[in-house]
Trainee: 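Got a structure for you, written out below as structure tokens; questions coming shortly.
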Amino acid sequence: MSKKISSRAEDYSQWYNDLVIRGGLADYSPVRGCMVIKPYGYAIWENMKTVLDKKFKDTGHVNAYFPLFIPKSFLSKEAAHVEGFAKECAVVTHYRLMNDPNGKGIVVDPDAKLEEELIVRPTSETIIWHTYKNWITSYRDLPLLINQWANVVRWEMRTRLFLRTAEFLWQEGHTAHSTSQEAIAEAETMLDVYADFVEKWLAIPVLRGVKTPNERFAGAVETYCIEALMQDGKALQAGTSHFLGQNFAKAFEVQFMTKENKQEYVWATSWGVSTRLIGALLMAHSDDEGLVLPPKVAPLQVVIIPIFKNAEELNAVFDRVSSLMKTLKAQDISVKLNDDDQTRPGFKYAQYELEGVPVRIAIGPRDLVSGTAEVARRDTKEKQIVQIDDLETFVPALLDEIQANMFQKALKFREENTRRADTYEEFKRLLDEQPGFILAHYDGSPETEDKIKEDTKATIRCIPLNNPLEDGVCILTGKPSTQRVVFARAY
RNA sequence: CGGGGUGUAGCGCAGUCCGGUAGCGCACCUGGUUUGGGACCAGGGGGUCGUAGGUUCGAAUCCUGCCACCCCGACCA
């Protein structure tokens, strides 16, 4: 095995795969499009989950769990919804296997065919709204604010580790409200929760906006999204929040009695983020040496590498740092001393750089004499000598600085790669030569959007919230336009 | 589903053209020397060569079918 991972410049896709595999985040599984999330990758997900779950609860939501299997007939109750998901559903048709009569292993028992086939959930709107029908009868039952952490299956044509897998982990919030305004406010609140999380914890700047009708979630009236820019200039949708209007309430007959004693359909939202966020995290920050993790979600924030030739020297380092480790842990900083005597320091340095541990501290016999340590930060790869006694204040400050610096770096990258195009030629040239977000006018028609997508593979990522109005003309048709929208090629 | 590629030890590969019973590097195990940026020496274990069939005295190698995975597209979070 080569020691280096592929570089971004020579093969961006391979670089990404190397990060995931060599970084110990996931493995391929025996089933196409599925992956095994390894402990290190899962630890990142757990950290994300912990923060998000608290934010959901702080905004009034509770967790519940709905079943994996959905009766096939449910899916077709909302027309746009089935249109959007039918082509990528895993279907359960039988419930039993038997020994092959021809002696070749095991086969599906033809007598065990299900009366009605079951869909493995690609998302849970249908089963949840079926359930909500029984839970909601009065305005007093509203709002109903429920989230679930679950796995879903979408049988995608082409998969990519974390970014698009056949099965993925996510959370999906499903809320019911008595008014349209309240549901819209909910969808916007959750978009803000996502944006805040991605920017402050993952250190990835995002654009908040709404999707055009073409890009809207199947069954939504309005889809809000956060869009991030990856290092190769492609966009990645990092989270979505949908205002579903009364579409699902009507499809599943969910009505409530108002204060005025009138029957009305309830208003709905749904919102979700998935393990795709791990893909975003990798692609936004990592470099040719490996992962670069923001301290706030790094499974391990600080690693101490002792330099030693024998047990005495190791113990001397351990004695010198044990109180430091306690102090850091008391501040909720994860720290580990790697006392493995089978690998040498250089190997450990390379390994922790690959894994993206934010701060590395090396302490050897010479340091013990001088009372110093070598502190290396992963984001800039800078090293400096610090007094060991100062580390308990230096390290927390450094972690904060790394977190802030990673966000600033990503923000600068996005700003430098957000450009305006006023003609179609310029638009196409930018896509090929300087990929990134492109702000351009379009005439607002789905046909124009489709044509541009067909020509260039670029899509409208979003119409930013609070978008400044500006008169212009559509880059494709020359028709008048009142605002620029954000185009990009996307994952 | 279209295009390209690959299936040989846990991983990465050579061997296939030209058939003779499988090899290298890393990893792993044992012992020793090492340890401030991916250590070294010696010894050792591990593979029905993706799968099914065919040709042949003999197949990783030739022929046919099938399967899987990866990359690039169309679809999507």
Trainee: Report the distance from atom CG of A/L75 to atom CZ of A/F85, rounding to the nearest 0.5 Å.
Mentor: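 CZ of A/F85 is found 8.5 Å from CG of A/L75.
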
Trainee: Would you kindly give the CD1-to-P distance between A/I307 and B/U34, to the nearest whole Å?
Mentor: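 Taking atom P of B/U34 as the reference, CD1 of A/I307 is at 17 Å.
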
Trainee: Strictly by Watson-Crick or wobble contacts shorter than 3.5 Å, is anything paired with B/G2, and which nucleotide is it?
Mentor: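 B/C72 - that is the nucleotide pairing with B/G2, both distances being under 3.5 Å.
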
Trainee: If you measure from the P atom in B/G46 to the same atom in B/A9, how many Å do you get, rounded?
Mentor: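 Each nucleotide's P atom is 15 Å from the other's.
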
Trainee: Taking side chain as C-beta onward, heavy atoms only, is A/N47 less than 4.5 Å from A/V51?
Mentor: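 With C-beta onward as the side chain, the pair stays apart.
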
Trainee: CD of A/E289 versus P of B/G37: gap in Å, rounded?
Mentor: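 Result: 16 Å.
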
Trainee: Expressed as a whole number of angstroms, how long is the span from A/E313:CD to B/U35:P?
Mentor: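 Whole-Å distance recorded here is 9 Å.
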
Trainee: Generate the contact string for nucleotides 71-76 of chain B. Rules: B means base contact, S means sugar-phosphate contact only, - means no protein heavy atom under 4.0 Å.
Mentor: SBBBBB

Trainee: Side chain to side chain contact (heavy atoms under 4.5 Å, CB included) with A/R160: which residues, sequence neighbours excluded?
Mentor: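 Expected list: A/S13, A/Y16, A/R158, A/L163, A/M283, A/Y491.
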
Trainee: Assess, by modelled atom type and distance only, whether the side chains of A/E78 and A/T126 contain a donor and an acceptor separated by less than 3.5 Å.
Mentor: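 Side-chain D/A pair, A/E78 to A/T126: absent.
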
Trainee: Figure out the CD1/C1' separation between A/I5 and B/G12, and round it to whole Å.
Mentor: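 The distance from CD1 of A/I5 to C1' of B/G12 comes to 16 Å, rounded to the nearest Å.
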
Trainee: Tell me whether the centres of the aromatic rings in A/Y132 and A/F252 are closer together than 6.0 Å.
Mentor: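 They do not qualify: ring centres at least 6.0 Å apart.
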
Trainee: Indicate, with a heavy-atom threshold strictly under 4.0 Å, whether A/F168 touches base, sugar-phosphate, or nothing.
Mentor: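 Base contact.
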
Trainee: Roughly how many Å is it from CZ in A/F308 to C1' in B/U34, rounded to a whole number?
Mentor: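 One finds 12 Å between C1' of B/U34 and CZ of A/F308, rounded.
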
Trainee: Provide the distance between the two C1' atoms, one in B/U6 and one in B/G45, to the nearest whole Å.
Mentor: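 Nearest-Å result for B/U6 against B/G45 at atom C1': 28 Å.
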
Trainee: So what's B/C66 paired with, Watson-Crick or G-U wobble, going by both distances under 3.5 Å?
Mentor: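 Across any shown strand, B/C66 pairs with B/G50.
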
Trainee: Between NZ of A/K383 and CD1 of A/I361, what distance do you get to the nearest 0.5 Å?
Mentor: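 Answer for the NZ-CD1 pair, A/K383 versus A/I361, is 14.0 Å.
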
Trainee: So which nucleotide does B/U56 pair with, by the Watson-Crick or G-U wobble rule with both distances under 3.5 Å?
Mentor: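 Per the H-bond distance test, none.
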
Trainee: From the list B/G37, B/G36, B/G38, which nucleotide is the closest neighbour of the side chain of A/K383?
Mentor: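 Minimum distance to the A/K383 side chain belongs to B/G37.
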
Trainee: When the P atoms of B/U8 and B/U61 are considered, how many whole Å apart are they?
Mentor: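 B/U8 and B/U61 have their P atoms separated by 14 Å.
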
Trainee: Measure the distance from CG on A/D27 to C1' on B/C70 and round it to the nearest whole Å.
Mentor: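 Roughly 15 Å, once rounded to whole Å.
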
Trainee: May I ask which nucleotide in the shown strands pairs with B/U61, Watson-Crick or G-U wobble, both distances under 3.5 Å?
Mentor: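 By the stated definition (distances under 3.5 Å), nothing pairs with B/U61.
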
Trainee: Can the ring centres of A/F74 and A/H130 be said to be less than 6.0 Å apart?
Mentor: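 Yes - the distance between ring centres of A/F74 and A/H130 falls below the 6.0 Å cut-off.
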
Trainee: Which base sits across from B/U34 as a Watson-Crick or G-U pair, both distances under 3.5 Å?
Mentor: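 Paired with B/U34, as far as the under-3.5 Å criterion goes, is no nucleotide at all.
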
Trainee: Can you identify which nucleotide, out of B/G38, B/U35, B/G36, has its nearest atom closest to the A/K309 side chain?
Mentor: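 Selected nucleotide (nearest to the side chain): B/U35.
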
Trainee: Looking at every strand, decide which applies to A/T165 at a 4.0 Å heavy-atom threshold: base, sugar-phosphate, or nothing.
Mentor: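 Touches a base.
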
Trainee: Quickly work out the A/F347 CZ to B/C26 C1' distance and round it to whole Å.
Mentor: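 Result: 11 Å.
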
Trainee: Could you tell me whether A/W129 and A/H81 have their ring centroids closer than 6.0 angstrom?
Mentor: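 Aromatic pair excluded; centres sit 6.0 Å or further apart.
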
Trainee: Using purine N1 to pyrimidine N3 plus N6-O4 or O6-N4 for Watson-Crick, or N1-O2 and O6-N3 for G-U wobble, both under 3.5 Å, which nucleotide pairs with B/G12?
Mentor: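 Answer to the pairing question: B/C24, which forms a Watson-Crick or G-U pair with B/G12.
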
Trainee: Quick one: the side chain of A/E353 and the base of B/G37, do they pair up donor-acceptor inside 3.5 Å?
Mentor: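 Yes, a donor-acceptor pair under 3.5 Å.
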
Trainee: Roughly how many Å is it from CZ in A/R22 to C1' in B/C26, rounded to a whole number?
Mentor: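 From A/R22 CZ to B/C26 C1': 10 Å.
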
Trainee: Partner lookup for B/G43, please. Criteria are Watson-Crick or G-U wobble with both distances under 3.5 angstrom; report none if nothing qualifies.
Mentor: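 Looking at the geometry, B/G43 pairs with B/C29.
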
Trainee: Flag the pair A/F162 / A/W45 as yes when their ring centroid distance falls below 6.0 Å, and as no otherwise.
Mentor: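 No: the rings miss the under 6.0 Å criterion.
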
Trainee: Pull out every protein N or O sitting under 3.5 Å from an N or O of nucleotides 28-33 of chain B, one pair per line with the distance.
Mentor:
none

Trainee: If I pick the C1' atom on B/C57 and the same atom on B/G12, what distance separates them, to the nearest angstrom?
Mentor: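 The same atom, C1', in both gives a distance of 37 Å.
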
Trainee: Do A/K296 and A/Q301 have a side chain donor and acceptor closer than 3.5 Å?
Mentor: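 Result is no, nothing qualifies.
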
Trainee: Between A/K381 and A/F162, which has a closest nucleotide on RNA chain B that is more 5'?
Mentor: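 Checking each residue's closest nucleotide, the 5'-ward one belongs to A/K381.
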
Trainee: Looking only at side-chain N and O atoms, does A/R344 come under 4.0 Å of OP1 or OP2 in B/G36?
Mentor: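 So the side-chain polar atoms of A/R344 do come within 4.0 Å of the phosphate oxygens OP1 or OP2 of B/G36, strictly under.
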
Trainee: Partner of B/C18 by Watson-Crick or G-U wobble geometry, both contacts under 3.5 Å, or none?
Mentor: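 Because no pair has both required distances under 3.5 Å, B/C18 counts as unpaired.
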
Trainee: Between OG of A/S124 and CZ of A/F66, what distance do you get to the nearest 0.5 Å?
Mentor: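 With rounding to 0.5 Å, OG (A/S124) is 8.0 Å from CZ (A/F66).
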
Trainee: Taking for each residue the nucleotide of RNA chain B bearing the nearest heavy atom, is the 5' side occupied by A/A376 or by A/L236?
Mentor: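 With A/A376 and A/L236 compared, the 5'-side residue is A/A376.
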
